[in-house]
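The next block holds one structure in the form of C-alpha cells; read it before the comments.
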Amino acid sequence: MISMSEVRLGNGWRYLFRGVMVGDGHRTAGTPLRAAQDEAGVPPGVWKGRGLAALGLSAGDVVTERQAELLLGEGRHPDADQIERELLAQGNTPEQARRATVLGRPIEHNRSPKTDKAKERTPWLAFDLTFRPPPTAHIAWALMDDRHRQVLELCNDIAQDKTLVWLEESVAEIRWKAGGKQRARVKDGLVVAVFQHYESRATESRPLLHAHAVVSIRARRPHDGKWGNLSADSLMTHIVAADTLYTLYFMEEVSARLGWAWEPREVTPGRRPVMDIAGIDRRLIGWQSTRRQQIEDALSVLTDKYEERQGHAPGERAGYALACQAADQTRPPKRTELLSLTELRTRWRASAIQAFGACTVYRLAERVRAAAAAVWGRVRPVVDIALAAVDVVVVVYVMRGAFKRHHLLAEARRHLSYVLRGRPHERGLDEQIVQTVVDDYTRPASRRMMTANLRTLYPRDTEDQAVLRPLTRKRTAPPYERARLAADALSARVHAVRRAERLGSRTRPYAVDVPAASRSHPRPFRDGRKDGRLLEPETGVDTVERTRQTLEAAAAEVAATLQDRRRAREAAHGLRPQPTPATAPPPHTQQPGTQHTPGRTTGGVR
C-alpha cells in the first residue's frame, strides 16, 4: 500500500533528516548522514524521477546530505554551493547569487510578516510517499533464502518505479498565479529521493520491507520552463489509485519472476480483502504484524466511541481518519539498538522457528510453489470487461453514492488484482474498464460528480428490483459487504441473460461477447472464524441464489417455447422430427481472448 504525508518547515523537516533518512532510527546531532545510515544498516538514498535531468542529476545517484538540505529543505538547486561560488567569482552580489539558486518562490517569502495564513508560513517542502508490499511479502522476504530476498526487493523497486512514472505522466500538476488557478502537467517530471527501510517500528522488531519516496515539491512549468510548486491536492486525490496500481504491479512482478500465485484474504469482516501470497502459513501473518494488532486494538475502541457519538458506523473516509488516529496513539518510541539486515534476518528466522517450528520456516518456499500450482489449476485469469464494468460501478456506487473517475480507476485495478491473481494485464485495460463504466452505466450527479445509472443496471422486472434495491439500502451491513452482494446479484443476471440468448439461438443488439469460461470478482463467504479468512470464488448469499434460480427458470421456459414452435412448424410442413442431440454447441460461441470494446453502441446489457 501507499501512504502520503507532508514535509513542512519545522518538525516535518527535522523528522525527515533525523529519522526517515536513517531507517526510522535516531540520528544523534553531529553524526554525518552516511555514517548514521551505516550504523542503522540501511543503504543510502538514491535519486529517481524524470525531473532529475533539469538539475544535472542522474537516476541512481546517491543522495548526499548537502543535496537533501538544499533541495528538500530549502527549495534550492542541489548544487547551489558551486553555482554561488561561480556567480560570486563573476562579480554578482551574494543576494543575486543566492536568488539564482532558488527554484521558484523563495522560502523567505513565507516567513514574511506580510503572510497572513499560518499554512503559508510553514510551506510544503516535499511529499513523503511510503511504499509497502502486501503483508505476506514481508514474511517471504525475511524468512526465505538470499535469492528470494533479492528477487522480492527487485520486484518492489520495479513496482515503485512504474507507479512513480504513472504519477509523473498522468497525475502530477504544477500550479501558478493566485490560489493556483492555473494548472498544467509538469514539463519534465518529478524529483524523488528514495530511502529503503527493512523493519517496523514495533517494540519487538518485525520485518517490514518498505521505502520512503520523498517527492520534491519543485517542478517546472510546461510553457515557460520556470520552476514552481506541485499541486498537493492532485497527488492526494489519486493516492488510492496509485496504491492499487503499485500492488497490481508488485503482484505481477512476483508471479512472473518466482511463479507464485495470490489469493484474497478477508482481514476484517465486511471490509475489503487483502491479496496474500498463496501458501504462506497464516500463523506467520500474526507473528509479523504485531504492530498491526496494536493499531487494530486501539481502532476498535475509537470506532465504538465514534458510533456512540454519531449514532452510525464510520464510513470509508471516517474509518481512514480513525485508523490514522489509532496509529498515532500506538506509535512506539524510536529504538536505540541498530542491527544490520543480516543480523535482523538471523533474529527473525530464530524467532519464527521458536514459535512455529523449523518445518514451517524451511519448507516455506516449497509450500508456496505447491499452493501456486493449485491456484493456477483452479482459477482461470480471464478478464471479462463487461462483468468488470458492472462489478466496478456497483461497488463504487454502493460505497460512495456519487463518485469521480479516479474512484472507478482504483476499483478497476482492485478487480484486476482479484481476477488475474498476479498474471500480467494489458496496458490500458484498467482505463478501458473505467471508460466502459462511464459510457454505459453512469449519469451526471453534479457538475463534477457522477453516479450509477440504475436504469441500465437494474432489470426491468419488479422481482429482481425487489432483490437488488434492499442490498444497496441495508444500513446495518458494512458498505463493502452490501456492495459485493449487489455486484454478485447483477453478475449472476448477466450470466443468465447470456445463457438465455444462447438457448434462444438468436442475438440481441446490445449483447456482450466474452469468453464463455470467464469469471468475475471472487465472492466472499463466512466460515465463522474471527481471524483473517481466505475468500473463495463462490458465494452463499441466498438473495443471489434466488435471483439466479428465477432467471434460469425464465431461460428454460424460453427454450421450451422455442422447441415447441419448431416442432409445430415441422408438423405443419410434413417434416419428420429430427432427434435432438444430447449436447449441442452454442450457436454463438465467443473465441477465447476476445474482449469488449467500450462505447455506447457496443457495451452494456439490456
Side-chain angles (χ1 to χ4, degrees), residues 134-137 139-140 155 244 247-267 269 272-285 363-388 390-392 395 412-426 429 433 484-485 487-489 491-492 494-496 498-499 514-529 531-541 544-545 548 589-595:
T136 47
I139 299 172
C155 295
T244 53
T247 302
L248 184 62
Y249 278 141
F250 182 79
M251 292 170 54
E252 292 179 358
E253 292 294 331
V254 170
S255 297
R257 297 177 185 275
L258 296 175
W260 295 352
W262 298 78
E263 56 188 0
R265 176 174 62 91
E266 186 183 63
V267 178
R272 298 182 187 276
V274 298
M275 298 304 294
D276 283 341
I277 299 173
I280 297 290
D281 195 319
R282 295 166 64 190
R283 297 177 299 171
L284 294 173
I285 300 176
R363 298 188 61 188
L364 189 59
E366 178 183 348
R367 291 174 176 173
V368 169
R369 288 192 296 269
V375 170
W376 297 132
R378 181 178 77 248
V379 178
R380 183 182 178 186
V382 176
V383 177
D384 186 326
I385 293 182
L387 287 176
V390 171
D391 187 281
V392 168
V395 171
R413 290 167 176 173
R414 291 191 188 100
H415 179 88
L416 291 177
S417 65
Y418 297 152
V419 173
L420 296 178
R421 306 293 184 94
R423 292 293 175 87
H425 71 284
E426 295 182 6
L429 185 57
I433 295 173
R484 285 265 34 94
L485 292 174
D488 291 336
S491 298
V494 172
H495 282 297
R498 293 173 179 172
R499 189 180 302 111
V514 295
S518 63
R519 165 163 291 189
S520 66
H521 196 297
R523 301 161 185 154
F525 75 99
R526 308 300 173 111
D527 60 1
R529 289 176 290 185
D531 55 352
R533 287 162 286 192
L534 295 179
L535 306 181
E536 296 297 332
E538 294 296 336
T539 181
V541 183
V544 177
E545 181 63 22
R548 184 187 65 81
T589 303
Q590 171 66 26
Q591 296 297 326
T594 303
Q595 295 179 336

Checklist entry - What's the shortest heavy-atom distance between Ile433 and Ala388, and which atoms? => result CD1-CB, 3.8 Å
Checklist outcome for this item: Residues at least two apart in sequence or cross-chain that pass side chain to side chain donor-acceptor pair (under 3.5 Å) with Ser417, listed by chain then number, are none
Next on the checklist: The criterion is ring pair (Phe, Tyr, Trp, His ring centres under 6.0 Å); which residues satisfy it with Trp262, sequence neighbours excluded?
Outcome noted: none
Checklist entry - Checking side chain to side chain contact (heavy atoms under 4.5 Å, CB included) for the pair Val368/Leu258: CA distance, chi angles, key distance, verdict? => result CA-CA 10 Å; Val368 169; Leu258 296 175; over 6 Å; no
Checklist entry - With Arg363, which residues qualify under salt bridge (charged side-chain N to carboxylate O under 4.0 Å, His left out), at least two apart? => result Glu366
Item to check | Interatomic distance, Arg265 atom CZ to Glu263 atom CD [nearest 0.5 angstrom] | outcome: 9.5 Å
Checklist outcome for this item: Across all chains, not counting sequence neighbours, the side chain to side chain contact (heavy atoms under 4.5 Å, CB included) partners of Ala487 are Asp391, Val394, Val395, Arg484
Checklist entry - Does the pair Val383 and His425 meet the rule for a side chain to side chain contact (heavy atoms under 4.5 Å, CB included), with working shown? => result CA-CA 9 Å; Val383 177; His425 71 284; over 6 Å; no
Item to check | Heavy-atom closest contact (Ala261 atom, Ala372 atom, distance) | outcome: N-CB, 3.6 Å
Checklist outcome for this item: So OG1 of Thr244 and NE2 of His415: to nearest 0.5 Å the spacing works out to 13.5 Å
Checklist entry - With sequence neighbours left out, what residues match Arg369 under side chain to side chain donor-acceptor pair (under 3.5 Å)? => result none
Next on the checklist: Checking Met275 against Tyr418 for the side chain to side chain contact (heavy atoms under 4.5 Å, CB included) test, could you report, in this order, the C-alpha distance in whole Å, the side-chain angles of both residues, the deciding distance, and whether it holds?
Outcome noted: CA-CA 8 Å; Met275 298 304 294; Tyr418 297 152; 3.3 Å; yes
Checklist entry - Is there side-chain contact between Met251 and Cys155, with heavy atoms separated by less than 4.5 Å? => result no
Next on the checklist: Has Thr136 got a side-chain atom pairing as donor or acceptor with Ile277's backbone, closer than 3.5 angstrom?
Outcome noted: yes
Checklist outcome for this item: Taken to the nearest 0.5 Å, the spacing of Leu364 CG from Asp281 CG works out to 8.0 Å
Checklist outcome for this item: Smallest heavy-atom separation, Gly259 atom then Trp376 atom, equals O-NE1, 3.9 Å
Checklist entry - How many angstroms lie between atom CG of Leu429 and atom CG of Leu248, to the nearest 0.5 angstrom? => result 9.5 Å
